[in-house]
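Reviewing the structure listed below.
Order of listing sets the numbers, starting from 1, for every ligand and every atom in it.
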Amino acid sequence: MNMEIENIDQLKQSFVEARKHGDYIRYPERLAKDLNIDQHGIDSFGIEARYELVRDFLKSHQPLKRLVDIGGNCGYFSLSLLDEGLVEEVIVYDVVPDILNFGTEAAKAMGLQEKAKFKEYSVSLETLDQIPDGDVIICQNLIHHAGALFDQELVNKMGWDDYANDFLKALRSRYKVGIFAMAYKKGKPRNWNIPGFKRPERFREILVNSKWNIWFEKNVLEIQKSGKSPQDTSVQRPSFLAAFLMTAAWRLGGRKFENLVRSVILPSSGQKAEQYYLYLID
Ligand SMILES: C[S@@+](CC[C@H](N)C(=O)[O-])C[C@H]1O[C@@H](n2cnc3c(N)ncnc32)[C@H](O)[C@@H]1O
């Protein structure tokens with residue numbers, strides 16, 4: 001790594017500022033190694049586990065040129081994939097300037113500044129056509145925020161199900177492969193009128209309906225526990241009785257009551273295992 005000391009200070013300071021905005025902020029692994037920073041063990045969102053699978057997925061889909069990452073945060077995925085030569089250029093969109101600034105500094109420190117662009121831009125279904133076409137689209141843990149952080153009116157009007165359908169369809173014809181992640185917790189996504197435990201299955205149907213082929217689908221905490229297992233598309237389902245009780249609870253008292261019943265009838269690992277999912281699609 002060719003970096004002046006003052007730039008390293010600038011990089012580290014930009015990390016500190018970005019970290020104020022949450023736990024997704026991480027140095028790309030090569031950079032962390034070069035800087036002698038041990039960031040393992042602080043990975044609440046299974047970022048490392050996800051990365052390994054994403055890397056293998058892109059290796060098996062070469063050649064790939066442009067990668068577009070929406071809600072890409074500081075570009076942990078994009079910069080690492082670029083650094084490993086799996087794509088030729090990346091464009092990362094996010095809405096938080098401090099986070100984008102850290103991504104830009106990290107790209108510079110890795111000598112990738114010519115091939116990595118960080119742009120402040122609020123993604124919306126209505127303006128998706130303004131982001132450039134490419135070979136890879138990354139959209140991890142973004143669209144479950146639609147209806148809450150952005151596109152509130154639209155999701156209110158359409159409901160999250162139809163919104164997600166249109167979103168995924170709009171991307172399908174423009175990218176060869178996709179990397180998606182979703183969380184199904186604490187009422188996420190908003191305005192999605194189906195019981196929480198049925199959401200992973202329903203999202204799978206939405207992907208298929210949008211003509212994306214699911215290459216890999218797994219709960220992120222399960223990936224962390226069991227390591228990678230390519231082409232594992234298993235979805236954890238509750239038993240028939242548990243599903244019946246949770247549906248009844250949801251009909252009677254909505255999401256809160258469903259969660260209450262869930263906490264009584266499912267072991268805690270079952271509750272957690274429903275939260276974050278990774279989807280690799282082509
Ligand atoms: C939950 S984080 C996910 C980060 C990363 N994609 C991952 O899964 O590791 C969501 C990111 O989306 C960004 N974001 C939220 N609304 C956005 C919007 N309308 N357009 C672009 N980025 C957005 C947030 O600033 C945040 O960095």
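Remark: ligand 1 and Asn73 share an N or O pair separated by less than 3.5 Å (distance only, no angle test). Looking at ligand 1, you won't find any N or O of Ile99 less than 3.5 Å from one of its N or O atoms. Polar contact with ligand 1: absent for Tyr24 (N/O pair, distance under 3.5 Å).
The two residues Asn141 and Tyr24 make their nearest non-hydrogen contact at ND2-OH, 3.6 Å. Closest approach of Leu79 and Cys74 over heavy atoms only: CD1-O, 4.2 Å. Here the closest non-hydrogen pair linking Val87 and Leu82 is O-CD1, 3.4 Å.
In terms of protein heavy-atom proximity, atom 10 (C) of ligand 1 is closest to Asn141 O, 3.5 Å. Of the protein's non-hydrogen atoms, the one nearest atom 20 (N) of ligand 1 is Val123 N, 2.8 Å. Looking at atom 25 (O) of ligand 1, its nearest protein heavy atom turns out to be Asp94 OD1, 2.6 Å.
Scanning Ala181, Ala18, Gly71 for the heavy atom closest to atom 22 (N) of ligand 1 points to Gly71. Taking each of Gln140, Lys119, Met182 in turn, the one with a heavy atom nearest to atom 3 (C) of ligand 1 proves to be Gln140.
At least one heavy atom of Val95 sits closer than 4.0 Å to an atom of ligand 1. Residue contacts with ligand 1 do not include Phe45, since none of its heavy atoms lies under 4.0 Å from the ligand.
Considering only heavy atoms from C-beta on, Val92 stays 4.5 Å or farther from Lys117 through its side chain. Residues Tyr279 and Phe216 fail the side-chain proximity criterion, which asks for heavy atoms closer than 4.5 Å. Counting heavy atoms from C-beta on, the side chains of Glu29 and Tyr51 never come closer than 4.5 Å.
Using bins of under 30°, 30° to 60° and over 60° for the plane-to-plane angle, the ring pair His61/Phe57 lands in the tilted bin. Ring pair Trp212/Phe180 is tilted by interplanar angle, where 30° to 60° counts as tilted.
Counting atoms of ligand 1 from 1 in the listed order, those under 4.0 Å from a heavy atom of Val96 are 25 (O). Ligand 1 places these atoms under 4.0 Å from at least one heavy atom of Tyr121: 20 (N), 21 (C). Under a 4.0 Å criterion applied to the non-hydrogen atoms of His145, ligand 1 contributes the atoms 1 (C).
Comment: Arg202 engages Asp161 in a salt bridge, judged by a side-chain N to carboxylate O separation of less than 4.0 angstrom.
With a 4.0 Å cut-off on non-hydrogen atoms, Arg50 touches ligand 1 through its side chain and not its backbone. Under 4.0 Å from ligand 1, the heavy atoms of Leu142 that appear belong solely to its side chain.
Atom CD of Glu84 is surrounded by more than 12 heavy atoms from other residues, nucleotides or ligands within 6.0 Å.
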